[in-house]
Number of protein chains: 2
Amino acid sequence: MFNKIKHRNTKQRKVILEELKKTTLHPTAEMLFKMVKKRSPKISFGTVYRNLNLLKEQGQILELTCGKDSCRYDGDITPHYHFFCLTCKKVFDLNISVLDKEEKLYKDIYKKTGLAIKYHRLDFYGYCKECEIKMKEIKKSDK
Amino acid sequence: MFNKIKHRNTKQRKVILEELKKTTLHPTAEMLFKMVKKRSPKISFGTVYRNLNLLKEQGQILELTCGKDSCRYDGDITPHYHFFCLTCKKVFDLNISVLDKEEKLYKDIYKKTGLAIKYHRLDFYGYCKECEIKMKEIKKSDK
DNA sequence: TTAATTGCAAAACTTTTGCAACGCT
DNA sequence: AGCGTTGCAAAAGTTTTGCAATTAA
């Protein structure tokens, strides 16, 4: 309870956060590793992971739901939802309203189940435009 | 496009599906492996994974969103949402209404973004009752 | 018979971790 | 100086896969 750690501003952490904030690709740790490597060539994979976990705990970034694939990270921490392309694995931001019934819904669930919700996640899945076009072309040539 | 596979009804697949359908634990592959092993002692881990993937593709079961932990599987394929305990990792079914604005929402998103949504997922996170009690006790004893 | 499936073990992947060296504060 | 952090490499954990043997249809 009194193990307050004073984190330092290392060059690596700064670069990781900056690179993540400046992209909308919702990169995986590996993608980000490559991006960061351009500015900090000696950085290691472990450092990227350690910092992503730290920044996540500090609430400076978000870790999106990852399936069996690797996690995606988001430097945009304003509440918003995502669309995941089932084919190419791209992740898109959705500009729809975040459940404003949030509080009511949370209370409803609490009343019904006794479960106190901290946060929720609403993910949409489908095929992005590019992939849909590709799929149509494949179907055509199959006939 | 013409690689239609005729799947067989193997004893193993049957047991895996039955065991998954009869529990509400939303087990991981490993948990299910242990459950199935009681009835099919010689079954292997690979078989469990292969069948879970097959049953998932066939739409007979659901794979829930897994973080960095292992995936959870659900034998209940009726639309419903889940609550994930951040501490003990238990998964609970929620008995709240599934977005009935679903179609409207889907269309709105399509209009706005051109993205055609196949399905969505709404996950809630927090601490279950048991874990909340434990946490309170720890805080008490810390004072 | 024959092609899908299994069991086993190895491989593939993603993420975490131990440790000595390094570098913020 | 003190200790949080890094780079490196090894380890851990989850899921997939190659292959010969087995089995459902």
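Hydrogens, waters and symmetry mates play no part in the numbers below; they use all other heavy atoms, side chains included. This one's a predicted model, so the numbers in the text were calculated from it and none came from an experiment. Chain naming here is simple, since letters A, B, ... match the order of the sequence lines and numbering starts at 1 in each.
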Sub-3.5 Å pairs of nitrogen or oxygen atoms, protein against nucleotides 18-20 of chain D:
| unit_1 | atom_1 | unit_2 | atom_2 | d |
| --- | --- | --- | --- | --- |
| D/dG18 | O6 | B/Arg50 | NH1 | 3.2 |

task: Could you state the atom-to-atom distance from CG of A/Asp69 to C1' of D/dT15 in whole Å?
output: 11 Å

query: Does anything in residues 28-46 of chain B reach DNA chain C, meaning a heavy atom under 4.0 Å, and if so which residues?
result: B/Lys42, B/Ile43, B/Ser44

Non-neighbouring partners of A/Asp76 that pass salt bridge (Lys or Arg N to Asp or Glu O under 4.0 Å), sequence neighbours left out: none

- request: Send over the distance from B/Lys14 NZ to C/dT5 P, rounded to a whole Å.
  value: 16 Å

task: Not counting sequence neighbours, which residues clear salt bridge (Lys or Arg N to Asp or Glu O under 4.0 Å) with B/Lys14? List them please.
output: B/Glu18

message: Holding to salt bridge (Lys or Arg N to Asp or Glu O under 4.0 Å), I want the full list of residues that pass it with A/Lys22, two or more places apart in sequence or in another chain.
response: A/Glu19

- prompt: Does anything in residues 46-78 of chain A pair up under ring-ring contact (aromatic ring centres under 6.0 Å, His included), and if so which pairs, sequence neighbours excluded?
  reply: A/Phe45-A/Tyr49

message: Whole angstroms only, please: what is the CZ-C1' distance between B/Arg72 and D/dT15?
response: 16 Å

- request: Answer yes or no: is there a donor N or O on one side and an acceptor on the other, between the side chain of B/Arg72 and the main chain of B/Leu25, under 3.5 Å?
  value: yes

- prompt: With a non-hydrogen cut-off below 4.0 angstrom, is A/Asn9 in contact with a base, only sugar-phosphate, or nothing?
  reply: sugar-phosphate

- prompt: When you check the phosphate oxygens OP1 and OP2 of D/dT16, does a side-chain N or O of A/Lys68 lie under 4.0 Å from one of them?
  reply: yes

message: Side-chain N or O of B/Thr47 versus OP1/OP2 of C/dG7: is the shortest distance under 4.0 Å?
response: yes

query: Under a 4.5 Å cut-off applied to non-hydrogen side-chain atoms, are A/Leu52 and A/Leu20 in contact?
result: yes

- prompt: Atom NZ of B/Lys89 and atom P of D/dG13: how far apart are they, to the nearest Å?
  reply: 15 Å

query: To the side chain of B/Tyr49, which of C/dT15, D/dT14, D/dT5 is closest?
result: D/dT14

- prompt: Which residue pairs satisfy the ring-ring contact (aromatic ring centres under 6.0 Å, His included) criterion with at least one member in residues 9-29 of chain A, sequence neighbours excluded?
  reply: A/His26-A/His82

ring-ring contact (aromatic ring centres under 6.0 Å, His included) against A/Tyr125, all qualifying residues, sequence neighbours excluded: A/Phe84, B/Tyr119

Between the protein and nucleotides 1-4 of chain C, list every N/O to N/O distance that falls short of 3.5 Å.
| unit_1 | atom_1 | unit_2 | atom_2 | d |
| --- | --- | --- | --- | --- |
| C/dA3 | N3 | B/Arg8 | NH1 | 3.0 |
| C/dA3 | N3 | B/Arg8 | NH2 | 2.7 |
| C/dA4 | O4' | B/Arg8 | NE | 3.4 |
| C/dA4 | O4' | B/Arg8 | NH2 | 3.4 |
| C/dA4 | N3 | B/Arg8 | NH1 | 2.9 |

message: Taking salt bridge (Lys or Arg N to Asp or Glu O under 4.0 Å) as the definition, give me every residue that meets it alongside A/Glu30, ordered by chain and number, with sequence neighbours left out.
response: A/Lys34

task: Can you sort out which residues in residues 51-66 of chain B have a heavy atom within less than 4.0 Å of DNA chain C? Ascending by number, please.
output: B/Asn51

- prompt: Can you check whether A/Gln12 has a side-chain N or O nearer than 4.0 Å to OP1 or OP2 of D/dG7?
  reply: yes

field: Test item: B/Asn53 and B/Glu63 side chains (from C-beta on) under 4.5 Å apart, heavy atoms
entry: yes

query: Who are the disulfide (SG to SG under 2.5 Å) partners of B/Cys71, not counting sequence neighbours?
result: B/Cys66

- prompt: More than 12 heavy atoms of other residues, nucleotides or ligands under 6.0 Å from NZ of B/Lys11: is that the case?
  reply: no

- line: Result for 5'-nearest mapping on DNA chain D, choosing between B/Cys71 and B/Lys11, is B/Cys71

query: For the residue pair B/His80 and B/Phe92, is the inter-centroid distance of their aromatic rings smaller than 6.0 Å?
result: no

- prompt: Do A/Phe83 and B/Thr113 touch side chain to side chain, with heavy atoms closer than 4.5 Å?
  reply: no

